[in-house]
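Have a look at the structure below, then the notes.
Counting starts at 1 for both ligands and their atoms, in listed order.
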Amino acid sequence: MRMLINGNLIDKDKKINVINPANNSIIDTVPFGKREDAKKAIHAANNAKKAMKDISSRRISRILYDIHHDLSKSLDEFATIITKETGKPIRDSKFEMERSLDTLLFAAEESKRIYGETIPLDAGIGGSKILGFTIKIPVGVLSAITPFNYPVNLAMHKIAPAIAAKNTVVTKPSHKAPLAALKLVKLMAPYLPDGALNALTGIGMVIGDEMVTNNLVNKISFTGSVTTGKSIAQKAGVKKLTLELGGNDPLVILDDANIDNAVTAAVRGSYVFAGQVCIAVKRIIIQTGVFDEFTDKLVSETKKLKVGDPLNSKTDVGPLIDEEAALKVENRVNNALDDGAELLCGGKRNGAFYEPTVLDRVFPNMELVCKETFGPIAPIIRVDDVDEAFKMANHTPYGLQASVFTESIEKAKRAVKSIDAGTVLINKESTFRTDNMPFGGFKMSGIGKEGVKYAVEDMTCSKLVIIG
Ligand code: NAP
């Protein structure tokens, strides 16, 4: 596949192989883009600003509805590419595509309700008889940098609101999984002025760096790891910045919880896409009173999961993104076992595959749980009481989402007050997300919110008009 710059498909002699992690085969190649390519794409996006700004909101909305219609016809084709390039089970790739369509639809709707406000200038000294109001204008050129794990929907969360707010975009998917995102851009770009939507391939340290530091860029929207996010924040200069970073989400199970529901949440939350989700359940914090019942049921449900070919519709857990990622998980689990954790099931690696694994007697200082571990692991931390449970939930530099299982409204209210996370979910796993909700974490998990309405808000500037 090729890059798209200013409406032209661009190739390079040097290529990056895109590997299917399930069988190590090369699916396709993409150009190894250079800094010069990023500069050209940013220039094109800058030149297209006026054409985008001049399109009526009615037309922009129509364009987004038309893209939605077009994309809905090739949902299965996109899902298959996602599965091949990421190893995501095909069921989950189809769900990602359905959600991407939803994101697009929210953007088509939102594009018609970008309102300014009137300012009561007569409330201030000297303001009587003067009219003041704001209008929302596009921020300009958006750099959209995305990770490997939701290659289409995370790109959509940046591109669709950017178009809704009449911005131009340069996007860069992860070099590990660039194909579906490139295909998406190729489908969307012909609906827009040339140069309004560009897609680059290459590595982050070169292409991404130009997208962050170039002064023609007005806003950066980044989703990825804390390490990359921190370096972007340091280099960005005076640009609007949204950072959607990593998570270490707790699932807190209190003594009075409905245990069957908590087990379902743990299975869904810990093993979806082999745990490679920012809002996966990464720590299970449980009161000792319900430990035995919960753990017996969790182990039994974990053993039922089908691990294997992600293209098989019955597969629950496929490979990790590559063998290196699986080795990292294996190391962290082995270190935890050396330090006293107890293996209840799983714990074996085969190439890029890692078995769904339940570990008991995990302690908060173990690397497995104090860092973000991207793997199908359910690490159990036992606590004695509710206060300790909430304290443990906060025992992390991250703060993306947090879920608490309890039948008590009073304890639920305490959880909402005590837990420092962008979202606190009661009796629902942290992996829950709809594409219109305000999504974004506290602490090291990021800055700003996505979710179409909130992204649109962030992709506009308020211009104040005063009429004397
Ligand atoms: P990553 O390594 O940080 O990469 C993310 C993107 O940044 C890739 O496109 C990467 O390019 C690019 N990049 C790397 N270095 C860069 C630099 N110096 N300047 C600009 N861009 C640069 O993350 P990942 O491993 O792909 O994804 C996993 C992480 O994303 C996890 O921490 C996960 O929690 C987080 N995540 C967060 C959310 C959220 O909404 N909060 C959602 C999904 C994932 P290349 O890799 O191609 O070099």
Side-chain angles (χ1 to χ4, degrees), residues 3 16-18 30-33 35 38 85-86 88 96 99 103 143-158 170-179 181-182 199-214 217 220-236 239 241-249 272-282 320-322 324-325 328 371-375 396-401 421-423 430-431 433 435 437-451 454-455:
M3 301 187 279
I16 298 174
N17 290 336
V18 185
V30 292
F32 193 99
R35 196 171 281 274
E85 65 181 344
T86 64
K88 183 178 290 182
E96 175 175 350
R99 281 194 43 202
T103 308
S143 278
I145 306 175
T146 50
F148 74 84
N149 60 348
Y150 283 84
V152 174
N153 199 30
L154 292 178
M156 190 67 93
H157 265 287
K158 303 183 187 314
V170 177
T171 187
K172 193 205 90 62
S174 161
H175 74 275
K176 293 177 184 166
L179 301 176
L182 274 185
L200 297 165
T201 53
I203 57 162
M205 266 161 9
V206 178
I207 298 286
D209 189 69
E210 185 62 35
M211 290 169 66
V212 167
T213 52
N214 193 303
V217 171
I220 301 163
S221 178
F222 171 76
T223 301
S225 64
V226 169
T227 311
T228 313
K230 272 185 180 172
S231 110
I232 288 176
Q234 277 162 3
K235 291 181 193 166
K239 297 182 181 80
L241 186 61
T242 298
L243 297 175
E244 297 284 351
L245 308 180
N248 197 4
D249 292 358
V272 62
F273 190 23
Q276 301 169 108
V277 183
C278 55
I279 47 177
V281 168
K282 306 225 173 66
L320 303 200
I321 187 67
D322 51 30
E324 196 188 329
K328 193 167 169 184
K371 292 201 173 144
E372 180 188 43
T373 298
F374 246 35
T396 172
Y398 296 89
L400 198 46
Q401 305 213 107
T423 313
S430 58
T431 34
R433 179 181 181 186
D435 297 288
M437 71 187 218
F439 179 82
F442 297 163
K443 303 198 276 185
M444 297 297 270
S445 290
I447 304 171
K449 298 278 180 198
E450 287 194 330
Y454 308 92

- Query: Between atom CZ of Phe374 and atom CZ of Phe148, what is the distance when rounded to the nearest 0.5 Å?
  - Reply: 5.0 Å

- Task: Among Leu245, Val226, Asp249, find the one that has a side chain to side chain contact (heavy atoms under 4.5 Å, CB included) with Tyr398.
- Result: Val226

- 4.5 Å side-chain heavy-atom contact, Thr396 and Lys282: no

Close-contact set for ligand 1 against [X] heavy atoms, below 4.0 Å:
X	answer
Leu154	42 (C), 43 (C)
Pro173	9 (O)
Ile145	6 (C), 7 (O), 9 (O), 12 (C), 20 (C), 21 (N)
Asn149	43 (C), 44 (C)
Gly202	47 (O)
Gly208	19 (N), 20 (C), 21 (N)
Glu244	37 (C), 38 (C), 39 (C), 40 (O), 41 (N)
Leu245	37 (C), 38 (C), 39 (C), 41 (N)

For ligand 1, is there an N or O atom under 3.5 Å from any N or O atom of [X]?
X	answer
Lys176	no
Thr228	yes
Glu372	yes
Gly204	yes
Lys172	yes
Val226	no
Thr223	no

- Item | Minimum heavy-atom distance Pro173-Ala181, with the two atoms named | CB-CB, 3.8 Å

- Message: Quick check: closest heavy atoms across Gly399 and Ser445, and the distance to 0.1 Å?
- Response: N-OG, 3.0 Å

Starting from [atom], what is the nearest protein heavy atom, named by residue and atom, and what distance separates them?
atom	value
atom 23 (O) of ligand 1	Ser225 N, 3.5 Å
atom 45 (P) of ligand 1	His175 ND1, 3.2 Å
atom 9 (O) of ligand 1	Thr146 O, 2.8 Å
atom 35 (C) of ligand 1	Gly224 O, 3.2 Å
atom 40 (O) of ligand 1	Phe439 CE2, 3.2 Å
atom 28 (C) of ligand 1	Phe374 CE2, 3.8 Å
atom 27 (O) of ligand 1	Pro147 CB, 3.2 Å

- Does ligand 1 have an atom that lies less than 4.0 angstrom from a heavy atom of Phe148? yes

- Query: Do any heavy atoms of Ser174 fall under 4.0 Å from ligand 1?
  - Reply: yes

- Options Cys278, Gly246, Gly229, Ser231, ranked by nearest heavy atom to atom 36 (N) of ligand 1, top entry: Cys278

- Message: For the residue pair Ser221 / Glu244, report whether a side-chain donor-acceptor contact shorter than 3.5 Å exists.
- Response: no

- Task: Check the side chains of Thr228 and Ser231 for a donor-acceptor pair under 3.5 angstrom, ignoring hydrogens and angles.
- Result: no

- Query: salt bridge (Lys or Arg N to Asp or Glu O under 4.0 Å) with Lys328: which residues, sequence neighbours excluded?
  - Reply: none

- Message: Among residues at least two apart in sequence or on other chains, which ones pass salt bridge (Lys or Arg N to Asp or Glu O under 4.0 Å) with Arg99?
- Response: Asp435

- Query: How far apart are the C-alpha atoms of Thr223 and Lys158, what are their side-chain angles, what is the distance that settles it, and do they pass the side chain to side chain donor-acceptor pair (under 3.5 Å) test?
  - Reply: CA-CA 10 Å; Thr223 301; Lys158 303 183 187 314; 2.7 Å; yes

Please check: side-chain N/O of [X] versus main-chain N/O of [Y], any donor-acceptor pairing under 3.5 Å?
X	Y	result
Thr146	Pro151	no
Glu85	Leu179	yes
Lys172	Ile207	no
Asn149	Gln276	yes

- Query: Does NZ or CZ of Lys449 lie under 6.0 Å from the centre of the six-membered ring of Tyr454, at an angle within 45° of the ring axis?
  - Reply: no

- Specify side chain, backbone, both or neither for Phe222, according to which of its non-hydrogen atoms lie closer than 4.0 Å to ligand 1. side chain

